[in-house]
Amino acid sequence: MDDTSWAQLTSSQKKAVCHKEGPLLVIAGPGSGKTRVITHRIAALINSGIRPYNICAITFTNKAAEEMRHRAVALGASGGAHISTFHSLCVRILRAYADEAGINRNFSIYDEADQRRCIKQAVKDCELDATNFSPARMLDAISTLKNKLIDVDAFGSQADDFFSQRLAQVYARYETILAERNGLDFDDLLKRTAFLLEGRSEVRRQLGDRFKFLLIDEYQDTNHAQYRIAKALASAHGNICATGDPDQSIYRWRGADIRNILAFESDWPDATVVRLEENFRSSADILEAADRLIAFNKNRKQKRLVPTRPHAKAVLVTSFEDEADEAEAVARQIEELVDCGTSLNEVAVFYRVNAMSRVIEEALIAGNIPYQIVRGVEFYSRKEIRDLLAYLKVLVNPSDEIALLRIINTPARGIGKVTIERVRNYAVRRGITFFEALKHAGDIDVLSKAAKSKLAAFVAMLERFKTASTGDVAPLAERVFSESGLEGSLRGAGAEGLDALENVDELITAVAQYDRQAEEPSLTDFLQQISLFSDADAYDASGNRVALMTLHAAKGLEFENVFVVGLEDGLLPHERGIDDEDELEEERRLFFVGITRAKTNLQVSYSRYRTIRGQMLRSVPSQFLFELGCGFDERSEEEDTSEKSEFDHHSMTAPEFAVGELVRHKAFGLGRVEKYVNMGGSSVVVVNFSSGQRKSLMVRYAGLSKMSDLGR
DNA sequence: AAAACATACATTTTT
DNA sequence: TGTATGTTTT
């Protein structure tokens, strides 16, 4: 990987970036090498005599952290700097200061599936009806509260309407359930750390002493809790360096607050600000399109993308009949690229939602093109993986009832619902954990003799594992896998068991790798680390395969050739974000991130029909297509229409509209034209309806009537 | 108690 | 469309 971006910095920029003292903000557009700037700063600090031990760099993903470690070493900075995500850092801090934080250091980390179970229990305990208080909705609300660092007490005292009061109830119950199980969810990791740092000055001082230099990448996607953590960590010395690009903020839905980066200069008044506007990645054609697109965002500081690469190839905007056509065309073009000498790891296909990967996969399989899907969780949410991990979790944290209930009868060992319910009752009555009750199963009168002996055998097995649970993790994992009977049950399950066995093999390989690279391998540490990993971290850029991923996963990557598919109203922008101006702008930023991944070839496309949930629906091209200002690919448009002959897009006429004109739609009512793109029969009009909705409509199908015609 | 079956259900993005 | 849950059957 070349280092043009660094070499091109002016000497004053270099000096600012490498300067030791004080706050530093690097605002940098896509392709400007901002992550590399951080790496250079790390190297420069170390070369100037700062101990790596005193440096803490925070990245957005584990993969980015790993990459940064490699690059720093390549620049001559020996290892030793702490480079990780916020979440990993918090795990380390919470383990080191467990007593001060008031938690047990063997805590389990609860992922979304675990959270769902807890919240369901909480809703049930509060005797609320699950339709109005759906677990998903509750979880979402609670997560938002936690990200804003509003704890149960604070929220409870300000809850004044019916919904908030019920929510406060569920929130409280949920927190109690987590506490009983010694579990922390993702949001807790941040929340607890923030409160620890803010509440304990000696902890803050010690960590400020340890991490004398704080560097944070992708600052535009930090949430409020992360913001407070960063602030606390840097409070002692002010050596905080943040890099980011407000135009690439795409995680609002997860609590990311763009104000964090916008307020950096007022938070740190003596901050040095470096702006990097030159783009070393993409051709001028791509950047011009990206520039035109992002200019449609109103809540944005004016910023330009300055190309350093010449014009190369026009951005291609193409339409297809349906999603299968679209996928096939992508596959065909990839074949052509390969024929011209492109290697497959220089090609990526981006889409808005994971569900869209299937049709692309099918086309690639048909074309015999190797590919790799970069996806969020997947691997760790497989049943067999969760089962094995649940055994390990219980060894570390016997209070983890979720894990315990998962394995108590997996594989089947004749411990059924009734038995479990009886044990649970006993536990509740005695005020002890489920596991403690299990240990005393012999004393539970209502249990049958058979049940007692089965439970005793189960507990004895766990105790056996427990004695072997120190040191390297891999041997333990293997032993648990075979002795628990998991292995046997998979082997007996025929063909689908085989897949599962392979997955477990893969897990054990990963465990062995952990054992090798961890300074001090421990089961606790392993489990806590693995909880924060996702499939996206396993993306292997060196494999000679096409990369398939969502636009979100594309962040931080770059490819010679990029295809973005499904540019349809309701998909991109997604329907959930279409009515809200802020969310629409985020969708636009998401598309912006996608197209700025491309170095030379960029093709965006949409299909006129798309099958969604088994139903084929006519789709409307995304407004973003027009905002690119690249025009449609006339040729493919004609090809498609000649095949279909029923409609001729170009010769068909449709009424014309003017911006600002009042119109009426039979479903959406009265509205005002915000934008009109005249393309003959396929003209598109964007209308703001008085209902507050805003729609892109194809004039031909919309049946809009002009208010100015009414009187005639 | 487990498997087979039926039915309702919700459907974005991920540390 | 698939998943995820509940119901019936064995």
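A, B, ... follow the sequence lines: proteins, then strands. Residue 1 opens every chain. Just so you know, these numbers use all the heavy atoms, side chains as well, and skip hydrogens, waters and symmetry mates.
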(message) Ring centres within less than 5.5 Å and planes less than 30° apart: is that true of A/H574 and B/dT12 in this structure?
(response) yes

(message) With a 6.0 Å cut-off (strictly less than), is the heavy-atom count around CZ of A/R117, excluding the residue itself, greater than 12?
(response) no

For [X], all residues meeting side chain to side chain contact (heavy atoms under 4.5 Å, CB included), sequence neighbours excluded:
X	value
A/P135	A/I119, A/K120
A/A98	A/I103, A/R105
A/V459	A/L438, A/K439, A/E463
A/F296	A/R588, A/E627, A/K675

(request) Tell me whether the OP1 or OP2 atom of B/dT13 has a side-chain N or O from A/N354 closer than 4.0 Å. (result) yes

Run the side-chain hydrogen bond (donor to acceptor under 3.5 Å, both in side chains) test against [X] and tell me which residues pass, sequence neighbours left out.
X	value
A/E585	none
A/Y110	A/D400
A/E586	A/R589
A/T611	A/E323

(message) Using only modelled atom types and a 3.5 angstrom limit, is any donor from either the side chain of A/R254 or the base of B/dT13 paired with an acceptor on the other?
(response) no

(message) Between B/dT12 and A/W253, counting only base atoms on the nucleotide and side-chain atoms on the residue, is there a donor-acceptor pair under 3.5 Å?
(response) no

(request) For B/dT13 versus C/dA4, give the span between their P atoms, rounded off to a whole number of Å. (result) 14 Å

Under 3.5 Å, which N/O atoms of the protein pair with N/O atoms of nucleotides 1-4 of chain B?
| unit_1 | atom_1 | unit_2 | atom_2 | d |
| --- | --- | --- | --- | --- |
| B/dA1 | OP1 | A/G416 | N | 3.0 |
| B/dA2 | OP2 | A/N409 | ND2 | 3.3 |

Can you give me the N/O atom pairs linking the protein to nucleotides 4-10 of chain C at distances under 3.5 Å, or say none if there are none?
none

(request) Under 4.0 Å between any heavy atoms, over every strand shown, what does A/F86 touch: base, sugar-phosphate, or nothing? Just pick one. (result) nothing

(request) Using a heavy-atom cut-off of under 4.0 Å over every strand shown, decide if A/E575 touches base, sugar-phosphate, or nothing. (result) nothing

(request) Name all residues meeting the salt bridge (charged side-chain N to carboxylate O under 4.0 Å, His left out) criterion together with A/K124; count only those two or more places apart in sequence or in a different chain, and write none if there are none. (result) none

(request) Report the residue (A/Q115 or A/R352) whose heavy-atom-nearest nucleotide on DNA chain B is the more 5′ of the two. (result) A/R352

(request) Starting at the 5' end of DNA chain B, write a dot or bracket for each base, bracketing those in Watson-Crick or G-U wobble pairs whose two distances are under 3.5 Å and using | for partners on another strand. (result) ||||||||||.....

(request) In whole angstrom, give the distance that lies between atom CE of A/M356 and atom P of C/dG2. (result) 16 Å

(message) Apply ring pair (Phe, Tyr, Trp, His ring centres under 6.0 Å) to residues A/Y219 and A/F264 and explain how you reach the verdict.
(response) CA-CA 10 Å; A/Y219 197 69; A/F264 189 91; 5.8 Å; yes

